[in-house]
Amino acid sequence: MKIYAHRGASGFYPENTMLAFHQALEAKSDGIELDVQLSKDGHVVIIHDEGLERTTDATGRVYDYTLQELQRVNAAAKWQGGNHFHPIPTFDEYCSWVRTTDLITNIEIKSSVIYYPGLEKKTLDLIKAHKIEDRVIISSFNHLSLIETKRLAPDLPCGVLVPESGLVNAGYAAKHFGFEYFHPAYANLDGASVAECHRHSIAVNVWTVNTMEALEKCHAWGCDGIFTNYPKVARAYVDCL
Ligand code: G3P
Ligand code: CA
C-alpha cells in the first residue's frame with residue numbers, strides 16, 4: 001500500500017509548501033499529492049483553495065493575482081507551527097525538485113469550482129519538460145479535466161476523484177473511460193467497492209486516511225495507496241506489517 005503525503009506532510013507543516021513536500025520525502029513517503037491552479041497571468045501554482053483566505057495572508061481568488069503578486073503571499077500565514085514565510089510554490093519549481101527524487105506525484109487539477117482554460121495542457125507541458133512522466137498520476141473531481149488530459153497525453157495515468165457519496169461501480173466506469181485509478185473518500189468506502197475496482201484492473205487510492213482505524217481498513221481491503229496528512233505514521237504502520 002503506497003503512502004502519498006496529502007498536500008505534503010500537511011499534518012505538521014504548512015500545506016502545499018516546499019517545506020511540506022521536503023518533509024514528505026523525509027518521512028519516506030512513496031509519493032506526494034498536491035493541487036494546481038492558474039495565476040492571473042497563466043502560471044501553474046500549487047494551492048488547494050480557490051480563495052486565499054484560509055491559508056494565506058491575502059484575500060480574494062488565486063486567479064486575481066499575477067505570479068509575481070502571488071509570490072509575495074505567505075502560504076504559511078495561518079499555520080499554527082510558527083510565523084515563517086513560505087511562498088506559494090510554482091509547479092515548475094516543484095518539478096525541478098521532485099525530479100531529483102524517486103517520489104511519485106499525484107497532481108490534482110483543481111477545476112471543479114473554477115474551470116481554468118489551459119490548466120491541463122500547462123501542467124502536462126511542465127511534466128514533460130521535467131521528464132517525470134513515469135512518476136505522475138493526474139486526478140480531478142472534474143472528470144472533464146481527465147478527459148482533456150487523456151486527449152493530450154493518453155499514456156499518463158489518471159485517477160477518478162469522487163466525493164464522499166462514492167461511486168458504487170467505479171471500476172466499471174473508470175475502465176469504460178480509459179482511466180487507471182479510482183480515488184474515493186474513505187468515508188462510505190467498503191471492501192466490495194475496492195474489489196469491484198480490482199476486478200476491472202483499476203487501482204484504488206483513498207483520501208484522506210488520518211486515523212489508525214482507517215489505515216487498517218484500507219490495508220484489509222487491499223487498497224493500492226492512501227493519501228494522508230501524517231506520512232511518517234503511515235510509513236511506520238506499513239513497515240510493521
Ligand atoms: O486527492 C485527494 C484529495 O486531496 C481530494 O480532496 O479537498 O483534499 O483536494 P482535497
Ligand atoms: Ca487535493
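Whatever order the structure lists ligands and atoms in, that order sets their numbers, starting from 1. Start at 1 with the first residue, then count along the sequence.
Counting the atoms of ligand 1 from 1 in the order shown, those under 4.0 Å from a heavy atom of F141 are 5 (C), 6 (O). Residue R7 approaches ligand 1 through these ligand atoms, each under 4.0 Å from one of its heavy atoms: 7 (O), 8 (O), 10 (P). Atoms of ligand 1 lying under 4.0 Å from any heavy atom of D35, numbered from 1 in the order shown and given with element: 9 (O). Every atom of ligand 1 is numbered from 1 in the order shown, and the set under 4.0 Å from a heavy atom of K110 is 7 (O), 9 (O), 10 (P).
Both L126 and L38 are part of a single hydrophobic cluster, where members link through side-chain heavy atoms under 4.5 Å apart.
The aromatic rings of F21 and W97 lie parallel to each other, with less than 30° between the two planes, well short of the 60° mark. Note: F177 and F179 have parallel aromatic rings, judged against thresholds of 30 and 60 degrees for the angle between ring planes.
The existence of a salt bridge linking K217 and D190 is excluded, since no basic side-chain nitrogen approaches an acidic carboxylate oxygen closer than 4.0 Å. The residues R151 and E148 are annotated as salt-bridged, a charged nitrogen and a carboxylate oxygen being separated by less than 4.0 angstrom.
Angle OD1 (D35) to the Ca ion (ligand 2) to OE2 (E33): 110°, rounded to 10°.
A side chain to side chain contact (heavy atoms under 4.5 Å, CB included) with I88 is found for exactly one of I47, T55, V62, namely I47. A side chain to side chain contact (heavy atoms under 4.5 Å, CB included) with D35 is found for exactly one of H6, E15, K110, E50, namely K110.
For ligand 1, one of its N or O atoms has an N or O atom of E108 under 3.5 Å away. At a 3.5 angstrom cut-off on N or O pairs, T208 does not count as close to ligand 1. Below 3.5 Å of separation, one finds an N or O of H6 facing an N or O of ligand 1. Of the polar atoms of H48, at least one N or O is found under 3.5 Å from an N or O of ligand 1, judged by distance alone.
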Working note: H183 + F227, criterion ring-ring contact (aromatic ring centres under 6.0 Å, His included); need CA distance, chi angles, decisive distance, verdict. CA-CA 9 Å; H183 288 187; F227 301 105; 5.2 Å; yes

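Counting protein heavy atoms only, atom 1 (O) of ligand 1 is closest to E33 OE2, 3.0 Å.
The atom of E108 nearest to the Ca ion (ligand 2) is OE1, with the search restricted to N, O or S atoms.
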